[in-house]
Amino acid sequence: MIEKTDKRSRADLFRQRLERGMAEKALSQSGLARAVGVDRSTISQLLGDQGARLPNAQVVAECAATLGVSADWLLGLTDRPERLADLLAASLTITEAPRALIDERIFGWHREAAGYKIRHVPATLPDMLKTRALMRWEYEPQLGRTADQAIGASEDRLSWMRQARSDYEIAIPCHEIEAMARAEGYYRGLDRALRIEQLDRLTTLYAQLYPTLRIYIYDARRVFSSPVTIFGPLLAVLYLGRNYIVFRDRERIDAISAHFDGLVREAGLGARDFPDLLARLRAEIG
């Protein structure tokens, strides 16, 4: 049931918020009247304690535009003073995603969310768990002679992420890790020694970091996910390849978190079983 506000209460709230908006803009009654296009007496009446008086829609809209707030906020329909366009700009942004390792933007998000649970669906294997050799194999075609420099700069950040106070939950499709172990698909041509080293690295790190790090393996034929990272309740980032789409509004963060919950529920291998998969693939290579 929608709770209704009586006319007198709404008028009182309008007056309070109009006064607050004028104070923040350092705007006098005469200044607001000129900007809105009404007599000063009209503004005086709106600010006076004269009962249930509300202006017409045109005056409300002009007051909101002059003060840089939303009309809904002035009328008590929302607790957020920002205008809709400003709210959208703050809650959803699209930024460039360079073909690189942990860049400043990603690292900044991790630092912002330090202490919160971070949930991640990587595009390939998680960078924070890769060997240096696999990172070079993966990024050298794009970065060329600067690959070693980029890897070196990223290793400190990756180490910080592994040692941060955040818990990490990572969901990986089964075909991704199997393709790496068997040098198939994306990993075609990956040397056997590099694959063995990567599996051993995963085994060692997982033994060290579990349960702070939990990895779930799901079947992409049953449930699909784009690469996405959820930084606690603060933001969710969808990776498109050339761009990140960043959501900061709670509704979308909750929706993407529910999507991740579905991946965990559908996981064929739970977090406790991940070492068994690594051992099986390691034995398969020989």
Side-chain angles (χ1 to χ4, degrees), residues 78-80 82 84-98 101-130 157-158 160-177 202 205-206 209-275 277:
T78 178
D79 291 328
R80 297 291 299 269
E82 301 95 334
L84 179 60
D86 296 332
L87 281 172
L88 289 175
S91 65
L92 189 155
T93 57
I94 299 178
T95 62
E96 185 180 358
L101 289 157
I102 305 300
D103 61 28
E104 285 295 339
R105 188 174 296 109
I106 296 175
F107 191 49
W109 291 330
H110 280 272
R111 285 183 295 184
E112 182 182 350
Y116 289 110
K117 181 189 294 184
I118 295 176
R119 315 179 83 187
H120 181 43
V121 182
T124 57
L125 292 180
D127 281 343
M128 65 185 295
L129 303 178
K130 289 174 183 173
R157 298 169 182 170
L158 295 170
W160 182 92
M161 289 161 56
R162 288 193 292 266
Q163 298 171 21
R165 301 187 308 274
S166 297
D167 282 5
Y168 282 84
E169 289 186 342
I170 300 177
I172 305 174
C174 187
H175 72 262
E176 185 69 33
I177 194 164
L202 286 170
L205 281 177
Y206 201 69
L209 300 176
Y210 180 85
T212 301
L213 169 66
R214 297 182 294 280
I215 295 180
Y216 301 88
I217 303 297
Y218 65 93
D219 185 349
R221 292 174 298 180
R222 291 173 55 86
V223 59
F224 173 78
S225 179
S226 299
V228 65
T229 307
I230 306 158
F231 294 89
L234 304 179
L235 68 155
V237 180
L238 183 65
Y239 177 59
L240 296 181
R242 297 189 63 174
N243 298 97
Y244 301 115
I245 299 181
V246 184
F247 301 98
R248 287 188 176 271
D249 61 298
R250 191 55 185 265
E251 183 177 355
R252 288 175 176 82
I253 294 172
D254 287 346
I256 296 173
S257 296
H259 163 73
F260 192 95
D261 289 338
L263 295 178
V264 172
R265 285 194 300 270
E266 292 289 336
L269 287 175
R272 292 178 179 272
D273 303 318
F274 181 60
L277 173 62

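Numbering of residues begins at 1 and proceeds along the displayed sequence.
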Pairwise distance CG(Leu234) to CZ(Arg250) - rounded to 0.5 angstrom: 9.0 Å
Ile217 and Cys174: CA distance, side-chain angles, deciding distance, side-chain contact (heavy atoms from CB on, under 4.5 Å) verdict: CA-CA 6 Å; Ile217 303 297; Cys174 187; 3.6 Å; yes
Non-hydrogen side-chain atoms of Leu205 and Leu213 separated by less than 4.5 Å: no
Identified side-chain contact (heavy atoms from CB on, under 4.5 Å) partner of Asp167 from the options Ile118, Leu209, Thr212: Thr212
Reported CG-to-CD distance for the pair Asp249 and Glu251, which is rounded to 0.5 angstrom: 6.5 Å
Parallel, tilted or perpendicular, as decided by the 30° and 60° cut-offs, for the rings of Phe231 and His110: perpendicular
Distance in Å, Arg265 CZ paired with Phe260 CZ, rounded so as to fall on 0.5 Å steps: 11.5 Å
Contact summary for Gly115 and Ser166, nearest pair of heavy atoms: N-OG, 3.0 Å
Gap between atom CD1 of Ile215 and atom CD1 of Ile170 - 0.5 Å precision: 5.0 Å
Exercise: identify the closest heavy-atom pair between Glu96 and Arg105: O-NH1, 2.7 Å
Arg119 (side chain) donor-acceptor with Ile256 (main chain) under 3.5 angstrom: no
Audit row: Leu129, Tyr206, side-chain contact (heavy atoms from CB on, under 4.5 Å) steps and yes/no: CA-CA 9 Å; Leu129 303 178; Tyr206 201 69; over 6 Å; no
Audit row: Phe274, Arg214, side-chain contact (heavy atoms from CB on, under 4.5 Å) steps and yes/no: CA-CA 9 Å; Phe274 181 60; Arg214 297 182 294 280; over 6 Å; no
Within-4.5 Å side-chain heavy-atom neighbours: Thr124 and Lys130: yes
Residues Glu112, Leu235; criterion side-chain contact (heavy atoms from CB on, under 4.5 Å); working and verdict: CA-CA 10 Å; Glu112 182 182 350; Leu235 68 155; 4.2 Å; yes
Exceeds 12 heavy-atom contacts within 6.0 angstrom, atom CZ of Arg222: no
Check: Thr229 and Trp109 side chains under 4.5 Å, non-hydrogen atoms: no
Note, Val121 side chain near Tyr218 side chain (heavy atom, < 4.5 Å): yes
Interatomic distance, Ile230 atom CD1 to Ile253 atom CD1 [nearest 0.5 angstrom]: 9.0 Å
Exercise: identify the closest heavy-atom pair between Tyr216 and Ala267: CB-CB, 4.0 Å
Heavy-atom closest pair, residues Ile172 and Glu176: CG2-CB, 3.9 Å
Spacing of Ile177 atom CD1 and Leu269 atom CG [to the nearest 0.5 Å]: 9.5 Å
Side-chain touch Pro122/Asp127, heavy atoms, less than 4.5 angstrom: no
More than 12 heavy atoms from other groups under 6.0 Å of OH on Tyr116: no
